[in-house]
Amino acid sequence: MSIEAPGSVVFRNVRKDFGSFTAIHDLSLTIEPGTLVTLLGPSGCGKTTTLRMLAGLEHPTAGKILIGGKDVTMLPANERDVSMVFQSYALFPHMTALDNVAYGLESSGLKRKEARERAEEGLTLVGLGGMGKRLPAELSGGQQQRVAVARALVLEPQVLLLDEPLSNLDARLRRRVRTEIRELQQRLGFTAVYVTHDQDEALAVSDRIIVMKDGVIAQQGAPRELYEAPTSAFIADFMGEANVVACDVIDVGNGAATIRVEALTHSVPGRDARPGPAKLAVRPNAITLEPSAEGAFSGQITHAAYLGDHVEYEVKTAAGTLFVVDPAVERPLTPATRVAIGFKERGVAIISS
Amino acid sequence: MEHRNRRLDIVLLLGAVAFLILPWYRIDGGFYGFSWLANFPGDPAVSPAILQTTMHGRPWLGIAALLLGLALAARFIGDPMRRGTLLAWAGALGVVFLTVQGLAVGFSGWTWAISETLFGALADGQPSMGAGAVLLALAFALIFSFGLAERGVMRGDAFVVSAIALLIFLVAVFVFYPVGSMLVGAFQDFDGSFNPDGFTRNISDPSIWSIGCLTGGGRCGVALRTFWLAVMTAGASTLLGLAFALVATRTGFRYKKGLRLLTVLPIITPPFVVGLALTLLFGRSGVATQAISELFGIEPGRWLYGLTGIWIAQVLSFTPISFLVLIGVVEGVSPSMEEASQTLRADRWRTFWHVSLPLMKPGLANAFLIGFIESMADFGNPLVLGGSHGVLSTEIFFAVVGSQNDPSRAAVLAIILLCFTLSAFLAQRFWLSGKNFATVTGKGDSGAHIALPRSLSIGVYALVIPWAIFTVVVYAMILVGGFVKTWGLDNSLTLQHYKRAFSIGTRDGSIAWTGVAWNSFWTTMEIALISAPITAAVGLLTAYLIVRQKFAGRSVFEFALMMSFAIPGTVIGISYIMAFNLPPLEMTGTAMILIACFVFRNMPVGVRGGVAAMSQLDKSLDEASLTLRADSFRTIRKVILPLLRPAITAALVYSFVRAITSISAVIFLVSAEYNMATSYIVGLVENGEYGVAIAYSSMLILVMLVVIAGFQLLVGERRLRRENRIALPVSLHEEKTV
């Protein structure tokens, strides 16, 4: 592992208190150089605090932070080799786009002329060449966002920090900008730490995702790992919605487990499941519904909503109410219909034994 | 690491210069005269600390050198935590040592008997601290701050830690030390030894506490009279202020703009000018008095000189302030509340009485307390109109300058006055805080304020119109008064007073300022122009620390600063001469003491303005700057200051104007060399030269109007450009603060 290499980040047993409130409990994590890692979690989970500690805007109560193998725990923000894109962009409203981008370079001691040349290159990099003379107010939201990214990138930091960089953009722009950020990161190969509360965004851009809850890491791994093999009901529900259903593991073998819900049996990826009662996370789109009075696992539709490309159902069963997303819009089911319930091959995982 | 070493090296070098080269003690002729260079460094009066320690019998100063050496040794320690700890200790001990030795060793040896018995008698005392001592104290304070910063305090930001440490240091020296010395002074004899006689004699003096006027046995004591006056003034000015505010917001009154203009008046009027104008109207030879005596044959009386006159003058002076406070309160009552009340079938009278007025109550109480404090602290009007019926602030003055020369009495009176104003301040701060219903949300609250009930609006007009006319007449008197030859006796118009005050001649081909006012006028301008930027800078820096930095004791820090606002000028004046007349710090008679006084008296307003403006700047702007490698100093210079321009202008104008108009503290601190306009004018009044005094006052008002207009013009231009060029949210915020 290259935790000594430039661009790596290590948190060692970091703790952060605000008065009597503990925001971060004993956090340890490692980020490898050149990767884009997302800190994901609901508001108040400590993800932004973690990012701000990495930036030097907050100092940990205990523990150590290393960037590129160097201990920066006590270093103030302006002496750290990281830079940050803020949620509000925080562009200086009284400076032009070019001055904004050149600001950090001049703070680092570059001559004004050189700083402006480099800043112009930075603007070109994000596709805003020639727009340097404009004030932030004269740029659109997406352009402001790109200026903020350019301003952070021209410093060639070891680590780029992004604090919910897309939250001020409208939905359509959000998708485009996140692709741009990801492309830029892969092309230039810098390390990036990305904070968001939107799991779609996290799945789309990350090499790794670290999900936090109440100041501790709930689970970390590659996007697919988290989506397909959540280890807790919280992760299952947070990474795309999931129905949590009680089940019995009746057989384990060959990396697969056979489970039973009511009278329905189903085979799921097994990992280290053990026979006995367990919990099952089932994605809403992994459930099939067939109108039928009887079935191995049956229920009754209590609510249906037509949403154009799919229909959402609430189904009351003996194992609880299930939320179902059904792409079969040509065959809408009406409330009070009795249905037989089945599971698809993917989108079903055991979350605790 | 290099960054840390560089700044530490500079400070260590400063410390070395302070100890080895600069004259340690205060130089009589003034440091900047540089006449001391002739005897340097041999003469004990001018030699640096190193020679004082080794040759001139002041060996204890060597401890300072040891502590400086300790800091130098810490520089070479690698481990940042240990290095920081050592630096912090060296700095803290250095400051404490310098303070203690300064207080302990006076002109002629130990100040305290206990130290003499402990360490034995000293051969020689020491004079006041000079350039070397002050610079070394500063260096120690910085070393202390750097040490803390290296230990990670305030996220390792040395600039912020140093700024906090220096501000606390300065406020301690210029606010708490003087007030403390005054408290101690109440229990001291002339030679400084403990003697409670003066205190007990004065605190039980019937002329202070007597309630004779209530029981029918003679006059009341000065404390009770002052209190009574303050209550009356506060009540009347609150009532009038409310009436004016209602007229300005709830009626179709045609001259509302004119009413707004009224609010500028008290800011630019030297405090005694209203009293002066009243004497021209109602004094024994006043216009009104004479007219009445001719018409009705009533003997001209002296009724103006006393509490009645002071009361009228104060109500005239403070009604505009109360108006300024209450107009915000009246406008802050949400129209939708009143509309809700009306839809619930309440008529206008019921709505006003049961909804609007109760919502304004906390605001009214606030205006009352402000009026109370202002009246208590007022010195100019009682001085001009008081006659033999003085109030606390003038009694304090006469206790030191008059024939009785009783510092202990002055201190006791000052303590009583301070108790009154601080109680009002604490009431305002704690009792009223959080009780304000009138909140402006910033969201557009549609709907219009309802008009006043008819009977009420008639009453309000009946109060406002005569009073407004009266105010205009009084101010007209000020303008006219300067052109009248001898008021009451010879009412012919003349330029003679202006000539006497402001004549310019030519002598030997160069301009000669021959008018009597020029000397104090230029001194005033000089001191006001020096202190205004310092006040604004210190005020805004404090605001930055309060809004943007979180540190232990921040609220105490803010509270202590704001409290200095409630200390009456007279009390500040008396405590400054008590504190800065003797070692360790001697500043009386210099321009420095005037500047320090203005800076620390006017700073709270700069702080308030700065806090309001800065709370509206997004904090992520600072953070963005920090993550872009800028330190907090560069952040302030490049990001915060440019966005705070309107607040800076306001702070500059305010402190400039206050430095020109204030009298209460100044009158204690002026000297022959540094005389200020206001105290010079009061001198003119005492000599009966009303014409020149009035001419000088109107000239001051004019100068201030020009300066304010100039600043306003500057701010106006900026706002125009900003609307065209800068982000909408920010420009909107800024307009709100303007």
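Keep in mind that the numbers below use all heavy atoms, side chains included, and drop hydrogens, waters and symmetry copies. Proteins get letters first, then strands, A, B, ... in listed order; numbering begins at 1 in each. What you are looking at is a predicted structure, and each value in this text was computed from that prediction instead of being measured.
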Working to the nearest 0.5 Å, report the span between [atom1] of [X] and [atom2] of [Y].
| X | Y | atom1 | atom2 | answer |
| --- | --- | --- | --- | --- |
| B:Ile546 | B:Phe551 | CD1 | CZ | 7.0 Å |
| A:Phe11 | A:Asp26 | CZ | CG | 12.5 Å |
| A:Arg174 | A:Asp198 | CZ | CG | 7.0 Å |

query = Taking atom NZ of A:Lys16 as the centre, does the number of heavy atoms from other residues, nucleotides or ligands within less than 6.0 Å exceed 12?
reply =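 Yes, NZ of A:Lys16 has more than 12 neighbouring heavy atoms, counting only those of other groups under 6.0 Å.
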message = Just checking A:Lys70: does its NZ atom have more than 12 heavy atoms from other residues, nucleotides or ligands closer to it than 6.0 angstrom?
response = no
Engaged part of [X] at the chain B interface, taking heavy atoms whose separation is under 4.5 Å:
| X | value |
| --- | --- |
| A:Asp81 | both |
| A:Phe92 | both |
| A:Arg52 | side chain |
| A:Leu161 | neither |
| A:Ser88 | side chain |

inquiry  = Counting only non-hydrogen atoms closer than 4.5 Å, does B:Lys550 touch chain A with its backbone (N, CA, C, O), its side chain (CB onward), both, or neither?
reply    = neither
key: Proximity of residues 624-636 of chain B to chain A, residues having a non-hydrogen atom under 4.5 angstrom   =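 Under the 4.5 Å heavy-atom cut-off, B:Ala624, B:Ser625, B:Leu626, B:Thr627, B:Leu628, B:Arg629, B:Ala630, B:Asp631, B:Arg634, B:Thr635 qualify.
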query = Taking the side chain from B:Asp618 and the backbone from B:Leu621, do they hold a donor-acceptor pair closer than 3.5 Å?
reply =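 Pair absent, no side-chain N/O of B:Asp618 close to backbone of B:Leu621.
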inquiry  = Can you list everything that forms a side-chain hydrogen bond (donor to acceptor under 3.5 Å, both in side chains) with A:Gln87? Sequence neighbours excluded, please.
reply    = A:Ser167
query = When you check the gap from the basic side-chain N to the acidic O, do A:Arg151 and A:Asp99 get nearer than 4.0 Å?
reply =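 Here A:Arg151 does not pair with A:Asp99 in a salt bridge, since their nearest N and O are not under 4.0 Å apart.
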inquiry  = Looking at A:Tyr194, I'd like to know if the NZ or CZ of A:Arg178 sits under 6.0 Å from its six-membered ring centre while staying within 45 degrees of the ring's axis.
reply    = no
Among A:Leu91, A:Asn78, A:Val82, residue most engaged with chain B (heavy-atom pairs, under 4.5 Å) =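 Of the options given, most contacts go to A:Asn78.
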message = As an exercise: rank A:Met74, A:Arg134, A:Glu58 by heavy-atom pairs under 4.5 Å with chain B and give me the winner.
response = A:Met74
inquiry  = Within the 3.5 Å criterion, strictly below it, is a donor on A:Gln143 or A:Arg146 matched to an acceptor on the partner's side chain?
reply    =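 No.
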